[in-house]
Undergrad: 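First the structure, which I've put down as C-alpha coordinates, then a few questions once you've had a look.
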Amino acid sequence: SANARAFPIVIVGHVDHGKSTLVGRLLHDTDSLPDGKLDQLRSVSEKRGLEFEWSFLLDALQVERDQGITVDVTQIWFHTAQRRYVIIDAPGHKEFLKNMVTGASRAHGAVLVVDAKLGVSEQTRRHAYLLHLLGVAQVAVAVNKMDLVDHDQGRFVDVEREITAYLGEIGIRPRAVVPVSARHGDNIDRRSGVMDWYRGPTITQALDGFARRPSPIDAALRLPVQDVYRLDDRRVIVGRIESGRVSVGDTVRLSPTGRRAQVAGIEDWNRNQPRQTAGAGESVALTLDEDVFAVRGHLLTAPEAAPAESRAVAVRVFWFDEEPLRAGRRMRARYGTADVDVTVAAIERVIDVETLASGPATQVDRNAVAEIVLRSTQPLYLDKFADNPRAGRGVLTSDYRVVGGFIVERPLHGAGRN
Ligand code: GDP
(Lines give C-alpha, C1' and ligand atoms only; values in the text may rest on other atoms or scores of the structure.)
Protein backbone atom coordinates (compact mmCIF):
# COMPACT_ATOMS: atom_id res chain seq x y z
CA SER A 1 0.00 0.00 0.00
CA ALA A 2 0.99 3.65 -0.28
CA ASN A 3 1.26 3.83 3.50
CA ALA A 4 3.81 1.04 3.55
CA ARG A 5 6.05 3.15 1.36
CA ALA A 6 5.74 6.32 3.45
CA PHE A 7 9.05 7.43 4.92
CA PRO A 8 9.01 6.59 8.65
CA ILE A 9 10.28 9.18 11.14
CA VAL A 10 10.11 9.81 14.89
CA ILE A 11 9.85 13.14 16.70
CA VAL A 12 11.77 13.14 19.98
CA GLY A 13 12.83 15.60 22.65
CA HIS A 14 12.11 16.84 26.14
CA VAL A 15 8.46 17.13 27.22
CA ASP A 16 7.05 20.64 26.55
CA HIS A 17 9.84 21.58 24.15
CA GLY A 18 7.19 21.61 21.40
CA LYS A 19 7.02 18.23 19.66
CA SER A 20 3.22 18.13 19.36
CA THR A 21 3.10 21.74 18.23
CA LEU A 22 5.68 20.96 15.57
CA VAL A 23 3.63 18.01 14.35
CA GLY A 24 0.44 20.11 14.20
CA ARG A 25 2.33 22.72 12.21
CA LEU A 26 3.88 20.18 9.89
CA LEU A 27 0.44 18.76 9.10
CA HIS A 28 -1.06 22.18 8.52
CA ASP A 29 1.77 23.83 6.62
CA THR A 30 2.17 20.88 4.24
CA ASP A 31 -1.60 20.74 3.56
CA SER A 32 -1.85 17.28 5.00
CA LEU A 33 -4.91 17.89 7.17
CA PRO A 34 -8.41 16.69 6.37
CA ASP A 35 -10.53 19.57 4.99
CA GLY A 36 -12.14 21.72 7.64
CA LYS A 37 -10.21 20.13 10.51
CA LEU A 38 -8.40 23.27 11.55
CA ASP A 39 -11.51 25.49 11.47
CA GLN A 40 -13.44 22.92 13.42
CA LEU A 41 -10.79 22.80 16.14
CA ARG A 42 -10.45 26.56 16.27
CA SER A 43 -14.17 26.98 16.82
CA VAL A 44 -14.28 24.23 19.42
CA SER A 45 -11.43 25.89 21.33
CA GLU A 46 -13.18 29.24 21.12
CA LYS A 47 -16.46 27.81 22.46
CA ARG A 48 -14.61 26.26 25.36
CA GLY A 49 -12.79 29.51 26.02
CA LEU A 50 -9.41 27.94 25.32
CA GLU A 51 -6.65 29.57 23.38
CA PHE A 52 -6.04 27.50 20.26
CA GLU A 53 -2.96 25.28 20.44
CA TRP A 54 -1.42 23.54 17.44
CA SER A 55 -1.01 20.43 19.53
CA PHE A 56 -4.85 20.10 19.65
CA LEU A 57 -4.59 18.87 16.08
CA LEU A 58 -2.48 15.97 17.13
CA ASP A 59 -4.79 15.17 20.04
CA ALA A 60 -7.83 15.27 17.75
CA LEU A 61 -6.25 12.97 15.19
CA GLN A 62 -5.10 10.65 17.91
CA VAL A 63 -8.56 10.32 19.41
CA GLU A 64 -10.02 9.50 16.01
CA ARG A 65 -7.49 6.81 15.42
CA ASP A 66 -7.63 5.37 18.92
CA GLN A 67 -11.33 4.72 18.44
CA GLY A 68 -10.72 2.93 15.18
CA ILE A 69 -7.82 0.67 15.97
CA THR A 70 -6.72 -1.35 18.93
CA VAL A 71 -2.97 -1.19 18.52
CA ASP A 72 -1.07 0.87 20.95
CA VAL A 73 0.90 2.86 18.42
CA THR A 74 -0.45 5.99 16.81
CA GLN A 75 0.74 6.85 13.35
CA ILE A 76 0.31 10.20 11.69
CA TRP A 77 0.81 10.84 7.98
CA PHE A 78 1.85 13.96 6.12
CA HIS A 79 3.39 14.70 2.76
CA THR A 80 5.76 17.15 1.15
CA ALA A 81 6.10 17.73 -2.58
CA GLN A 82 8.80 15.03 -2.49
CA ARG A 83 7.17 12.17 -0.62
CA ARG A 84 4.85 10.89 2.07
CA TYR A 85 5.94 10.58 5.69
CA VAL A 86 4.61 8.62 8.59
CA ILE A 87 5.38 9.70 12.13
CA ILE A 88 5.62 6.42 13.94
CA ASP A 89 4.29 6.75 17.43
CA ALA A 90 3.17 10.27 18.14
CA PRO A 91 4.99 12.29 20.81
CA GLY A 92 3.46 12.49 24.23
CA HIS A 93 2.03 9.00 24.00
CA LYS A 94 2.36 7.30 27.37
CA GLU A 95 4.22 4.33 25.97
CA PHE A 96 6.41 6.54 23.79
CA LEU A 97 9.81 5.52 25.13
CA LYS A 98 8.85 1.88 25.28
CA ASN A 99 7.54 1.93 21.76
CA MET A 100 10.64 3.66 20.62
CA VAL A 101 12.88 1.04 22.11
CA THR A 102 10.73 -1.83 20.95
CA GLY A 103 9.92 -0.53 17.49
CA ALA A 104 11.76 2.53 16.34
CA SER A 105 14.58 0.89 14.48
CA ARG A 106 11.95 1.07 11.79
CA ALA A 107 12.33 4.84 11.75
CA HIS A 108 14.61 5.97 8.96
CA GLY A 109 15.12 9.40 10.48
CA ALA A 110 14.28 11.65 13.41
CA VAL A 111 13.56 15.22 14.39
CA LEU A 112 15.04 16.14 17.76
CA VAL A 113 13.25 19.14 19.29
CA VAL A 114 15.12 21.46 21.68
CA ASP A 115 13.61 24.52 23.38
CA ALA A 116 15.75 27.56 22.42
CA LYS A 117 15.26 29.19 25.79
CA LEU A 118 15.73 26.17 28.05
CA GLY A 119 18.41 24.49 25.95
CA VAL A 120 19.61 20.90 25.99
CA SER A 121 18.25 18.91 28.94
CA GLU A 122 18.94 15.48 30.36
CA GLN A 123 15.84 14.17 28.58
CA THR A 124 17.06 15.66 25.29
CA ARG A 125 20.28 13.70 25.73
CA ARG A 126 18.47 10.52 26.70
CA HIS A 127 16.33 10.65 23.58
CA ALA A 128 19.35 11.41 21.40
CA TYR A 129 21.15 8.48 23.01
CA LEU A 130 18.23 6.22 22.17
CA LEU A 131 18.42 7.28 18.54
CA HIS A 132 22.09 6.28 18.58
CA LEU A 133 21.30 3.01 20.34
CA LEU A 134 18.64 2.14 17.79
CA GLY A 135 20.79 3.10 14.83
CA VAL A 136 18.69 6.08 13.72
CA ALA A 137 21.57 8.17 12.41
CA GLN A 138 19.70 10.70 10.24
CA VAL A 139 18.70 13.47 12.58
CA ALA A 140 17.44 17.01 12.05
CA VAL A 141 17.47 19.22 15.14
CA ALA A 142 14.67 21.78 15.55
CA VAL A 143 15.74 24.56 17.92
CA ASN A 144 12.20 25.60 18.78
CA LYS A 145 10.46 28.61 20.35
CA MET A 146 12.89 31.04 18.71
CA ASP A 147 10.16 33.68 19.25
CA LEU A 148 10.84 33.41 23.00
CA VAL A 149 14.47 34.44 22.53
CA ASP A 150 13.75 37.33 20.12
CA HIS A 151 14.92 35.19 17.20
CA ASP A 152 18.44 35.82 18.45
CA GLN A 153 21.18 34.22 16.37
CA GLY A 154 23.63 34.20 19.30
CA ARG A 155 21.28 32.11 21.43
CA PHE A 156 20.65 29.76 18.50
CA VAL A 157 24.38 29.23 17.94
CA ASP A 158 24.89 28.39 21.64
CA VAL A 159 22.17 25.72 21.57
CA GLU A 160 23.41 24.45 18.20
CA ARG A 161 26.93 24.04 19.61
CA GLU A 162 25.74 22.23 22.70
CA ILE A 163 23.55 19.72 20.89
CA THR A 164 26.03 19.19 18.06
CA ALA A 165 28.78 18.45 20.59
CA TYR A 166 26.65 15.83 22.35
CA LEU A 167 25.47 14.22 19.13
CA GLY A 168 29.07 14.16 17.87
CA GLU A 169 30.13 12.17 20.92
CA ILE A 170 27.59 9.47 20.12
CA GLY A 171 28.52 9.43 16.45
CA ILE A 172 25.57 11.40 15.05
CA ARG A 173 26.24 14.30 12.69
CA PRO A 174 22.94 16.15 12.42
CA ARG A 175 21.82 16.77 8.84
CA ALA A 176 20.60 20.20 9.85
CA VAL A 177 20.12 22.31 12.97
CA VAL A 178 17.17 24.56 12.20
CA PRO A 179 15.98 27.59 14.21
CA VAL A 180 12.19 27.31 14.25
CA SER A 181 9.09 28.60 15.88
CA ALA A 182 6.55 25.80 15.68
CA ARG A 183 3.84 28.03 17.07
CA HIS A 184 4.31 30.62 14.32
CA GLY A 185 5.34 28.30 11.52
CA ASP A 186 8.83 29.72 11.06
CA ASN A 187 11.20 27.41 9.16
CA ILE A 188 8.91 24.38 9.47
CA ASP A 189 7.76 24.26 5.84
CA ARG A 190 7.76 28.02 5.23
CA ARG A 191 11.03 29.97 5.35
CA SER A 192 11.03 32.43 8.21
CA GLY A 193 10.85 36.13 7.43
CA VAL A 194 12.19 37.06 10.86
CA MET A 195 15.40 34.98 10.88
CA ASP A 196 17.12 36.00 7.64
CA TRP A 197 20.48 35.26 9.26
CA TYR A 198 19.66 31.56 8.81
CA ARG A 199 20.52 30.15 5.39
CA GLY A 200 20.08 26.41 5.95
CA PRO A 201 17.15 24.15 5.13
CA THR A 202 13.67 24.25 6.68
CA ILE A 203 12.51 21.18 8.60
CA THR A 204 10.71 19.69 5.58
CA GLN A 205 13.72 20.37 3.34
CA ALA A 206 15.96 18.62 5.85
CA LEU A 207 13.56 15.65 5.96
CA ASP A 208 13.41 15.47 2.17
CA GLY A 209 17.20 15.12 2.22
CA PHE A 210 17.08 11.95 4.33
CA ALA A 211 17.87 8.70 2.50
CA ARG A 212 15.98 5.47 2.97
CA ARG A 213 17.70 2.73 4.90
CA PRO A 214 18.77 -0.24 2.83
CA SER A 215 15.83 -2.60 2.56
CA PRO A 216 15.88 -5.58 4.94
CA ILE A 217 15.09 -7.70 1.88
CA ASP A 218 18.81 -7.75 1.09
CA ALA A 219 19.72 -9.12 4.53
CA ALA A 220 19.78 -12.81 5.50
CA LEU A 221 16.44 -14.64 5.69
CA ARG A 222 14.81 -14.45 9.13
CA LEU A 223 11.32 -15.89 9.41
CA PRO A 224 10.18 -16.35 13.02
CA VAL A 225 7.66 -19.20 13.13
CA GLN A 226 4.30 -17.93 14.30
CA ASP A 227 2.13 -21.01 13.78
CA VAL A 228 2.47 -24.48 12.34
CA TYR A 229 -0.29 -26.45 10.68
CA ARG A 230 -0.35 -29.95 9.30
CA LEU A 231 -1.72 -30.44 5.82
CA ASP A 232 -1.84 -34.13 4.85
CA ASP A 233 1.73 -35.25 5.46
CA ARG A 234 3.25 -31.83 5.12
CA ARG A 235 3.87 -28.97 7.50
CA VAL A 236 2.71 -25.46 6.78
CA ILE A 237 4.74 -22.79 8.52
CA VAL A 238 3.17 -19.39 9.01
CA GLY A 239 4.98 -16.20 9.90
CA ARG A 240 6.12 -12.75 8.90
CA ILE A 241 9.42 -12.45 7.07
CA GLU A 242 11.52 -10.03 9.11
CA SER A 243 14.41 -9.86 6.66
CA GLY A 244 15.62 -11.44 3.43
CA ARG A 245 13.60 -13.44 0.94
CA VAL A 246 12.57 -17.01 0.31
CA SER A 247 11.63 -18.83 -2.92
CA VAL A 248 10.03 -22.12 -3.88
CA GLY A 249 12.76 -24.74 -4.13
CA ASP A 250 15.03 -23.11 -1.49
CA THR A 251 16.50 -25.31 1.20
CA VAL A 252 15.72 -23.83 4.59
CA ARG A 253 16.83 -24.60 8.13
CA LEU A 254 15.03 -24.37 11.45
CA SER A 255 16.63 -23.16 14.67
CA PRO A 256 17.15 -24.63 17.17
CA THR A 257 16.58 -28.14 15.78
CA GLY A 258 18.90 -27.73 12.80
CA ARG A 259 16.45 -29.68 10.64
CA ARG A 260 16.37 -28.85 6.94
CA ALA A 261 13.69 -29.07 4.29
CA GLN A 262 12.82 -27.68 0.91
CA VAL A 263 10.18 -25.07 0.30
CA ALA A 264 7.45 -26.73 -1.76
CA GLY A 265 5.06 -23.81 -1.88
CA ILE A 266 4.54 -20.23 -0.69
CA GLU A 267 1.24 -18.52 -0.12
CA ASP A 268 0.60 -14.91 0.69
CA TRP A 269 -1.15 -15.42 4.02
CA ASN A 270 -3.38 -12.39 3.74
CA ARG A 271 -4.39 -12.70 0.10
CA ASN A 272 -4.45 -16.46 -0.10
CA GLN A 273 -2.41 -16.46 -3.31
CA PRO A 274 0.39 -18.79 -4.39
CA ARG A 275 3.79 -17.16 -4.88
CA GLN A 276 7.16 -18.13 -6.26
CA THR A 277 9.04 -15.84 -3.92
CA ALA A 278 8.33 -13.57 -0.94
CA GLY A 279 10.38 -11.03 1.01
CA ALA A 280 10.79 -8.93 4.15
CA GLY A 281 7.57 -7.50 5.53
CA GLU A 282 5.32 -10.14 4.01
CA SER A 283 3.25 -12.65 5.96
CA VAL A 284 3.47 -16.05 4.36
CA ALA A 285 2.52 -19.69 4.71
CA LEU A 286 5.33 -22.01 3.59
CA THR A 287 4.72 -25.64 2.72
CA LEU A 288 7.79 -27.80 3.27
CA ASP A 289 8.52 -30.99 1.36
CA GLU A 290 9.19 -32.94 4.54
CA ASP A 291 7.37 -33.33 7.79
CA VAL A 292 9.98 -31.55 9.93
CA PHE A 293 9.18 -30.62 13.49
CA ALA A 294 8.63 -26.91 14.14
CA VAL A 295 6.73 -24.86 16.71
CA ARG A 296 6.03 -21.22 17.40
CA GLY A 297 9.25 -19.54 18.52
CA HIS A 298 11.49 -21.43 16.13
CA LEU A 299 13.31 -19.51 13.43
CA LEU A 300 13.47 -20.35 9.75
CA THR A 301 16.61 -19.27 7.87
CA ALA A 302 18.85 -20.23 4.99
CA PRO A 303 21.15 -23.12 6.06
CA GLU A 304 24.35 -21.24 5.28
CA ALA A 305 23.31 -18.06 7.08
CA ALA A 306 21.69 -19.13 10.33
CA PRO A 307 22.35 -16.99 13.45
CA ALA A 308 24.79 -18.22 16.07
CA GLU A 309 23.03 -20.33 18.70
CA SER A 310 24.14 -19.83 22.26
CA ARG A 311 22.93 -19.91 25.83
CA ALA A 312 24.19 -16.44 26.67
CA VAL A 313 24.22 -13.07 24.94
CA ALA A 314 25.78 -9.71 25.72
CA VAL A 315 23.12 -7.05 25.24
CA ARG A 316 22.56 -3.36 25.78
CA VAL A 317 19.45 -2.94 27.81
CA PHE A 318 17.24 0.08 28.27
CA TRP A 319 15.51 -0.45 31.60
CA PHE A 320 11.97 0.85 32.18
CA ASP A 321 10.93 -0.72 35.43
CA GLU A 322 10.56 1.06 38.76
CA GLU A 323 12.38 -1.78 40.42
CA PRO A 324 16.10 -1.61 39.58
CA LEU A 325 17.62 -4.47 37.62
CA ARG A 326 20.13 -6.59 39.52
CA ALA A 327 22.26 -9.61 38.69
CA GLY A 328 20.40 -12.87 39.25
CA ARG A 329 17.05 -11.40 38.22
CA ARG A 330 14.89 -13.83 36.26
CA MET A 331 12.67 -12.60 33.47
CA ARG A 332 11.48 -13.59 30.04
CA ALA A 333 13.05 -12.43 26.80
CA ARG A 334 10.84 -12.01 23.74
CA TYR A 335 12.35 -11.71 20.30
CA GLY A 336 10.83 -12.66 16.98
CA THR A 337 8.16 -15.10 18.12
CA ALA A 338 10.36 -16.65 20.81
CA ASP A 339 9.58 -16.19 24.50
CA VAL A 340 12.20 -17.73 26.79
CA ASP A 341 13.34 -17.69 30.40
CA VAL A 342 16.46 -15.64 31.00
CA THR A 343 18.61 -14.75 33.97
CA VAL A 344 20.81 -11.69 34.32
CA ALA A 345 24.23 -13.34 34.60
CA ALA A 346 26.16 -10.09 34.98
CA ILE A 347 25.89 -6.34 34.82
CA GLU A 348 29.02 -5.32 32.92
CA ARG A 349 28.62 -1.56 33.04
CA VAL A 350 26.06 1.19 33.29
CA ILE A 351 26.16 4.13 30.88
CA ASP A 352 25.37 7.62 32.15
CA VAL A 353 23.55 9.11 29.15
CA GLU A 354 24.18 12.64 30.39
CA THR A 355 27.96 12.47 30.58
CA LEU A 356 28.39 9.30 28.50
CA ALA A 357 30.69 8.03 31.25
CA SER A 358 30.34 4.32 31.93
CA GLY A 359 31.44 2.16 34.77
CA PRO A 360 30.75 -0.89 36.88
CA ALA A 361 27.53 -0.94 38.86
CA THR A 362 25.49 -3.37 40.87
CA GLN A 363 22.11 -2.22 39.63
CA VAL A 364 20.41 -0.55 36.69
CA ASP A 365 17.86 2.12 37.56
CA ARG A 366 14.74 3.08 35.66
CA ASN A 367 15.48 4.79 32.32
CA ALA A 368 19.15 3.83 32.44
CA VAL A 369 21.17 2.06 29.77
CA ALA A 370 23.51 -0.81 30.65
CA GLU A 371 25.51 -3.60 29.15
CA ILE A 372 24.47 -6.89 30.68
CA VAL A 373 24.80 -10.61 30.02
CA LEU A 374 21.63 -12.65 29.69
CA ARG A 375 21.77 -16.40 30.12
CA SER A 376 19.13 -18.96 29.27
CA THR A 377 18.57 -22.66 29.77
CA GLN A 378 17.15 -22.71 26.25
CA PRO A 379 19.18 -21.97 23.12
CA LEU A 380 19.03 -18.35 21.96
CA TYR A 381 19.28 -17.58 18.25
CA LEU A 382 19.73 -13.88 17.92
CA ASP A 383 21.71 -11.77 15.49
CA LYS A 384 24.03 -8.95 16.42
CA PHE A 385 21.92 -5.79 16.17
CA ALA A 386 24.63 -4.22 13.99
CA ASP A 387 24.31 -7.09 11.47
CA ASN A 388 20.53 -7.33 11.40
CA PRO A 389 18.53 -4.77 13.39
CA ARG A 390 15.29 -6.70 12.93
CA ALA A 391 16.60 -9.95 14.30
CA GLY A 392 18.95 -8.55 16.92
CA ARG A 393 16.57 -6.97 19.37
CA GLY A 394 13.91 -7.91 21.85
CA VAL A 395 12.10 -6.97 25.01
CA LEU A 396 12.31 -8.22 28.58
CA THR A 397 9.09 -9.00 30.39
CA SER A 398 8.26 -9.76 33.97
CA ASP A 399 4.75 -10.91 34.93
CA TYR A 400 3.65 -9.99 31.40
CA ARG A 401 4.84 -6.40 31.79
CA VAL A 402 7.51 -5.01 29.48
CA VAL A 403 10.34 -3.99 31.81
CA GLY A 404 13.13 -3.36 29.31
CA GLY A 405 14.24 -3.35 25.70
CA PHE A 406 17.50 -4.82 24.47
CA ILE A 407 19.73 -4.90 21.45
CA VAL A 408 22.27 -7.66 20.95
CA GLU A 409 25.93 -6.75 21.15
CA ARG A 410 27.11 -10.32 20.61
CA PRO A 411 26.16 -13.92 21.28
CA LEU A 412 28.58 -15.50 23.78
CA HIS A 413 29.80 -18.84 22.54
CA GLY A 414 30.23 -21.62 25.01
CA ALA A 415 29.12 -19.42 27.87
CA GLY A 416 26.66 -20.61 30.43
CA ARG A 417 26.13 -24.13 29.17
CA ASN A 418 24.30 -26.39 31.53
P1 GDP B 1 5.61 18.55 23.71
O2 GDP B 1 5.35 18.11 25.10
O3 GDP B 1 7.07 18.48 23.36
O4 GDP B 1 4.77 17.86 22.68
O5 GDP B 1 5.28 20.13 23.66
P6 GDP B 1 3.98 20.87 23.12
O7 GDP B 1 3.95 20.89 21.66
O8 GDP B 1 2.77 20.38 23.84
O9 GDP B 1 4.31 22.36 23.57
C10 GDP B 1 4.46 22.71 24.92
C11 GDP B 1 4.13 24.19 25.11
O12 GDP B 1 5.06 24.98 24.37
C13 GDP B 1 2.75 24.55 24.59
O14 GDP B 1 2.16 25.46 25.47
C15 GDP B 1 3.04 25.20 23.25
O16 GDP B 1 2.08 26.15 22.87
C17 GDP B 1 4.37 25.87 23.50
N18 GDP B 1 5.12 26.03 22.26
C19 GDP B 1 5.42 25.07 21.34
N20 GDP B 1 6.10 25.61 20.31
C21 GDP B 1 6.25 26.93 20.59
C22 GDP B 1 6.88 28.03 19.91
O23 GDP B 1 7.44 27.91 18.83
N24 GDP B 1 6.84 29.22 20.54
C25 GDP B 1 6.24 29.41 21.73
N26 GDP B 1 6.25 30.62 22.26
N27 GDP B 1 5.64 28.41 22.39
C28 GDP B 1 5.64 27.19 21.84
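Just so it is clear, the model here is predicted, and its values are computed rather than measured. First listed ligand is number 1; within each ligand, the first listed atom is number 1. Note: hydrogens, waters and symmetry copies are ignored here, and every other heavy atom, side chains too, is used. In this chain, numbering begins with 1 at the start of the sequence shown.
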Undergrad: Pull out every atom of ligand 1 sitting under 4.0 Å from any heavy atom of Lys19, numbered as shown with elements.
TA: 1 (P), 2 (O), 3 (O), 4 (O), 5 (O), 7 (O)
Undergrad: Could you list the atoms of ligand 1 found under 4.0 angstrom from a heavy atom of Val15?
TA: 2 (O)
Undergrad: Is Ala182 close to ligand 1, meaning an N/O of one under 3.5 Å from an N/O of the other?
TA: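 Between Ala182 and ligand 1 (N or O atoms, distance only) the closest approach is under 3.5 Å.
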Undergrad: Can a non-hydrogen atom of His184 be found less than 4.0 Å from any atom of ligand 1?
TA: no
Undergrad: Should the ring pair His14 and His17 be called parallel, tilted or perpendicular, given that the plane angle runs from 0 to 90° and is split at 30 and 60?
TA: parallel
Undergrad: Using distance alone, decide if ligand 1 has a nitrogen or oxygen within less than 3.5 Å of any nitrogen or oxygen in Ser55.
TA: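 There is no such contact.
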Undergrad: For atom 16 (O) of ligand 1, which of Met146, Lys145, Glu53 has the closest heavy atom?
TA: Glu53
Undergrad: Does Leu148 approach ligand 1 within less than 4.0 angstrom via side chain, backbone, both or neither, non-hydrogen atoms only?
TA: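 Side chain only; the backbone of Leu148 stays clear of ligand 1.
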Undergrad: Does a side-chain heavy-atom distance below 4.5 Å link Arg84 with Arg5?
TA: no
Undergrad: Applying a heavy-atom cut-off of 4.0 Å, say which part of Asn144 lies close to ligand 1: side chain, backbone, both or neither.
TA: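 For Asn144, the contact with ligand 1 is made by the side chain alone.
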Undergrad: When you check the gap from the basic side-chain N to the acidic O, do Glu282 and Arg275 get nearer than 4.0 Å?
TA: yes
Undergrad: Among Arg311, Arg334, Arg332, which residue satisfies the salt bridge (Lys or Arg N to Asp or Glu O under 4.0 Å) criterion with Asp341?
TA: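 Exactly one pass, corresponding to Arg332.
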Undergrad: Taking the inter-plane angle between the rings of Phe7 and Phe210 on a 0 to 90° scale, is it parallel (under 30°), tilted (30 to 60°) or perpendicular (over 60°)?
TA: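 The rings of Phe7 and Phe210 sit tilted, inter-plane angle from 30° to 60°.
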Undergrad: Which one holds for Asp147 and ligand 1: side chain close, backbone close, both close, or neither close, with close meaning a heavy atom under 4.0 Å?
TA: side chain
Undergrad: Quick check: are there more than 12 heavy atoms from other residues, nucleotides or ligands sitting under 6.0 Å from CZ of Arg161?
TA: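 Not buried by this count: 12 neighbours or fewer within 6.0 Å.
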Undergrad: Specify whether Tyr85 and Phe78 have parallel, tilted or perpendicular ring planes, treating 30° as the upper limit for parallel and 60° as the lower limit for perpendicular.
TA: parallel
Undergrad: Suppose I only count heavy atoms of His14 and a 4.0 Å limit; which atoms of ligand 1 are within that range?
TA: 3 (O)
